[in-house]
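I have placed the structure first, in the form of structure tokens, so that the comments after it can refer back to it.
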2 protein chains.
Amino acid sequence: MMSSKARGPGAKSAQPSETSLDLRALQRTPGFMLRLAQLKFFEGFYEEFAALGLTPATYAIFAIIRDNPGVPPSSLASVLRLRLPNLIKILNELQSSGFIKRNRSKADRRAVELMLTPKGAKLIQDGARLTEPYNRKMLAPLSESEQRMLLELLNRMLPF
Amino acid sequence: MMSSKARGPGAKSAQPSETSLDLRALQRTPGFMLRLAQLKFFEGFYEEFAALGLTPATYAIFAIIRDNPGVPPSSLASVLRLRLPNLIKILNELQSSGFIKRNRSKADRRAVELMLTPKGAKLIQDGARLTEPYNRKMLAPLSESEQRMLLELLNRMLPF
DNA sequence: TATTGTTATACTCTATAACTATA
DNA sequence: TATAGTTATAGAGTATAACAATA
């Protein structure tokens, strides 16, 4: 029952998880491993930042507005890979909580310029302080140079 | 409008995406980059495997049952990081489409043993043929050794 | 007419509670 | 009583369509 094929003699990898299933096919599948890694980071994030009320999405939104004051919702959505209507809903909540504000552009009165309020700036500042220890914990199985390598490889796989 | 800070003189990285936002903070954030990479893989997957009707989830389910005939739903759920009720719903559909079958264990009649039908075995076999070119396309920006490195690093970050 | 932002809404994915049957 | 599987259902995340204001 629950046949477990023996690992090949060349298999030098880590400890076999909870059960002893043959998972070698999925271990060789980057998309699957990326999903597991991303889940790990997101679950860790919710634990670490829960006290501040930050989610991965709102953290990224705050960070982008901080570094690019006046950024329009459309640019924000495209960078975060969110659909505009879904982002708008989040922005509405962040605004009614007093973390961001919207200015109408004078050059093009359709356009919206997003800014952090002082309250929002403080929140992302507090969040930023948790970031380094959080990343360190998530990446703990890797050496410093491996951590840099992983980040470099991910950046090179992606359009920016 | 949409202030774009100059890249520091040490920044040797790639072309600045569609807009010219300062995204350096997020580029240094592994969790965010992992999310973007995973999105890229999943979107590519849907394009590539749409003709077969396979999703990332069903592909993984088929692959695990193929390599571990008789695996119980609970083990499958824990490996895939799905909640059991959500997996059950997928299994019900796969069974009524004739891709898998459930056997009651004789040793413990609560337990279920999952097996592929011939139809299911053929589907994952067809899917497996698309896998290598699909991965090659997704990982195209990386050299062969970088691709191996990425996979190795992801595996070492995760529990198995 | 085209574009930016917004609302409303549907759909998929994920999470929780409660039930059945076996042990 | 505890466990494996299942059902029902609620919630979060993601998608499309349509509209208002401005260009």
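Residue numbers start from 1 in every chain, and the chains themselves are labelled A, B, ... in the order their sequence lines are given, proteins ahead of strands.
Glu93(A) has its CD atom 15 Å from the C1' atom of dT6(C), to the nearest Å. Between the CZ atom of Arg83(A) and the C1' atom of dA10(C) there is a distance of 14 Å, given to the nearest Å. Asn92(A) places its CG atom 10 Å from the P atom of dA8(C), with the value rounded to the nearest Å. Spacing between atom CD1 of Ile90(B) and atom P of dG5(D) amounts to 15 Å, rounded to whole angstrom units. Taking atom CD1 on Ile88(B) and atom C1' on dC19(C), their separation rounds to 14 Å, with Å as the unit. In this structure, the CZ atom of Arg81(B) is 18 Å from the P atom of dC13(C), given to the nearest Å. dA15(D) atom P lies 13 Å from atom CZ of Phe42(B), rounded to whole Å. Going from atom CD of Gln38(A) over to atom P of dT14(C) covers 10 Å, rounded to whole Å.
Using the six-membered ring where Trp is involved, Tyr46(B) and Phe42(B) have ring planes that are perpendicular, over 60° apart on the 30 and 60° scheme.
Nearer the 5' end of DNA chain D, as judged by each residue's closest nucleotide, is the contact made by Pro73(B), out of Pro73(B) and Leu82(A). Ranked by how close their nearest DNA chain C nucleotide is to the 5' end, Val112(A) and Lys89(A) are led by Val112(A). Sequence order on DNA chain C of the closest nucleotides to Asn86(A) and Arg109(B) puts Asn86(A) first from the 5' end. The nearest heavy atom of DNA chain D to Tyr46(A) and to Asp108(A) marks one nucleotide each, and the one closer to the 5' end goes with Tyr46(A).
Using a 4.0 Å cut-off, some side-chain N or O of Arg102(A) falls inside it from OP1 or OP2 of dT6(C). Distances shown here put every side-chain N or O of Ser74(A) at or beyond 4.0 Å from the OP1 or OP2 atom of dT3(C).
A side-chain donor-acceptor contact under 3.5 Å links Arg104(B) to the backbone of Arg110(B). Although no hydrogens or angles enter the test, the distance criterion places a donor-acceptor pair under 3.5 Å between the side chain of Ser105(B) and the main chain of Ala107(B). Of the possible polar contacts, one joining the Asn68(B) side chain to the Asp22(A) backbone as a donor-acceptor pair under 3.5 Å is found. Although no hydrogens or angles enter the test, the distance criterion places no donor-acceptor pair under 3.5 Å between the side chain of Lys137(A) and the main chain of Glu48(A).
Nearest nucleotide to the Leu84(A) side chain, out of dG5(C), dT6(D), dA23(D): dG5(C).
In terms of polar N and O atoms assigned as donor or acceptor, the side chain of Arg110(B) comes within less than 3.5 Å of the base of dT3(D) in a complementary pairing.
Remark: the Tyr59(B) side chain and the Thr131(B) side chain contain an N/O donor-acceptor pair separated by less than 3.5 Å.
Between Glu93(B) and Lys89(B) no salt bridge is recorded (no basic side-chain N to carboxylate O distance below 4.0 Å).
Each end of the helix from dT1(C)-dA23(D) to dA23(C)-dT1(D) gets its own rotation axis from five pairs of C1' atoms, and the angle between them is 10° to the nearest 10 degrees.
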